[in-house]
Amino acid sequence: MKYYSTRDTAVSLSAAQAVKQGLSRDGGLLTPETFPALTQEDLTAMLPMTYQERAARIMGLYLEDYSADELAEFARRAYGPDRFDTRAVAPVKMLDAATYCLELWHGPTSAFKDLALQMLPQLLSAALKKTGETRTACILAATSGDTGKAAMEGFADVEQTKILTFYPKDGVSAVQEAQMVTQRGENVSVCAVVGNFDDAQSGVKRIFSDEALRAELDGRGYFLSSANSINWGRILPQVVYYISAYCDLVRDGRLRMGEKLNFCVPTGNFGDILAGYYARKMGLPVGKLICASNKNDVLTEFLTTGTYDRNRTFYNTMSPSMDILISSNLERLLFDLSGRDDGKVRDYMDQLAMSGSYRVDDGIFSQIRELFWAGSCGEEATSAAIARSYAERGYLIDPHTAVAADVLRQYRAATGDKTPSVFLSTASPFKFCASVLTAIGEAPQGEGVELIDQLQYVTGRSAPWRLAALREKARRFDQTRTKEEMPDAVRAFLV
Ligand SMILES: *Cc1c(COP(=O)(O)O)cnc(C)c1O
């Protein structure tokens, strides 16, 4: 199977090349040429499988240059009991007869990014061998908190790779910072950047387009790569949990094979919900895909009006991993819904770059209305959703998950749709202790990782053990740089 650029379908790469390269040179996103069909027989065959087996089976449909044995081994390693704290890997929790929560935070960093970032390093490392690459891949990651930690944990001590993470000095939660500066691994490093997430992100983008620096690194045997959610190697592992959740519900007698299931997804970059769209395209019986945004509601506006407009105020919210105004992965949806019209996608993306907005044609918009429903949830409503979930069901959720829970409630109130629905839980509540404590009516006492103890104490729930152990861990990294000094951090790291 070939991978096309969304901005130029004449570009065609193998899976290994697509994973290694991350982004097409024309700025487009690499996207598979077809979406293999999953029949009911295929789904039935997956019912008795473990999560690892399902992952290897589904990924094998797309990654023809990887062998079945290879993928089975990668999946065993990525989702094994030393990394995930439950054998189910991504368990589906039943909340009532028609409402389920897909818990995606049982991995090593307690965020859903682990599902992709435990797999990507293995795909990349194998891709280096398959393409005869002799240089070392240097992964640069700008993070608003979850991606950087999950990427470092995935790449720690992976052969022929190094990873450097930049995070905004005052833009991540205390637990997130503690997770990053205590990261293990000989090939990792972390650097705080003075400023906000956009400063860190634009700094990384500048490094990627700095030809002189790239040539210098090439001379030292390195090439730059990214662990960002635009890499196909991150989207594909996410397709797996939609299919796996459906199989679990059928296996457990909660759903009839073929019956429709809705998914409500808290999203920012449109990566997670795009994977759900692809699962549906393969034939998974998905009803509506419900897109949940926080106060940064650019996607809600787009999906309900057809106009994307990033010219708006940026808000820092208690769900920071969704504080995004440019949803990169939307480009893949436009490519697909336009019938792979690379010229049209290029035109929309040019308009976005020049004026910050574009409007899709009626053909695309009518398909969007059919597939998606969208809603947003402000700060007070997020707190209220955490409080409601805890009071009514004793179920503790993080602010990102709360956005999804609330938007699902809005969807049902607005449409009366009774289709069984799953909302995705993307982070452990113990990553966002201060917001969660406040929401359930407890004043946070103390700072940073101390709040983990308080949240455990007042709720009687246990934090994931790696978060609870952060207190004891020594800080390994302490550098802070300005945006202008970021290239120096790269040079110093790659000696
Ligand atoms: C990254 C992240 C999201 C949003 O994921 P997208 O790829 O933007 O859809 C939601 N919740 C959490 C906790 C995250 O870390």
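Numbers here simply count residues along the sequence, with the first being 1. All ligand and atom numbering here is 1-based and tracks the order in the structure. Note: hydrogens, waters and symmetry copies are ignored here, and every other heavy atom, side chains too, is used.
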*Going by the atom numbers of ligand 1, which of them fall below 4.0 Å from some non-hydrogen atom of Thr267?*
6 (P), 8 (O), 9 (O)
*Would you mind listing which atoms of ligand 1 come within a distance below 4.0 Å of any non-hydrogen atom of Ala427?*
13 (C)
*What do you reckon, does Thr426 have a nitrogen or oxygen under 3.5 Å from a nitrogen or oxygen of ligand 1?*
yes
*Return the orientation label for the Tyr242 and Phe263 ring planes: parallel under 30°, perpendicular over 60°, tilted otherwise.*
perpendicular
*Relative to ligand 1, is Asp146 under 4.0 angstrom through side chain, backbone, both or neither, heavy atoms considered?*
side chain
*Measure up the Phe74 and Tyr66 rings against each other and bin them: parallel (under 30°), tilted (30 to 60°), perpendicular (over 60°).*
perpendicular
*Between Ser229 and ligand 1, which part of the residue brings a heavy atom under 4.0 Å of the ligand: side chain, backbone, both or neither?*
neither
_Tyr241 ring center within less than 6.0 Å of Trp105 ring center_ = no
*For Gly271, atoms of ligand 1 separated by under 4.0 Å from a heavy atom*: 6 (P), 7 (O), 9 (O)
*To which protein heavy atom is atom 3 (C) of ligand 1 closest, and what is the distance rounded to 0.1 Å?*
Phe112 CE2, 3.5 Å
*Shortest protein heavy-atom distance from atom 8 (O) of ligand 1, along with the residue and atom involved*: Asn269 N, 2.6 Å
_Test of ring centre spacing under 6.0 Å for Phe432 and His400_ = yes
*Enumerate the atoms of ligand 1 whose separation from the nearest heavy atom of Pro266 is less than 4.0 angstrom.*
4 (C), 10 (C)
*Do Ser425 and Thr401 have side-chain N/O donor and acceptor atoms under 3.5 Å apart?*
yes
*Looking only at protein heavy atoms, identify the closest one to atom 2 (C) of ligand 1 and say how far it is in Å.*
Lys113 NZ, 2.4 Å
_Given Lys113, Arg466, Gln118, Arg184, the one that forms side-chain hydrogen bond (donor to acceptor under 3.5 Å, both in side chains) with Glu153_ = Arg184
*Any N or O of Ala111 closer than 3.5 Å to N or O of ligand 1*: no
*Could you tell me whether a side-chain N or O of Gln52 sits under 3.5 Å from a main-chain N or O of Ala75, the two making a donor and an acceptor?*
no
*Side chains of Thr307 and Arg359: is there a donor and an acceptor less than 3.5 Å apart?*
yes
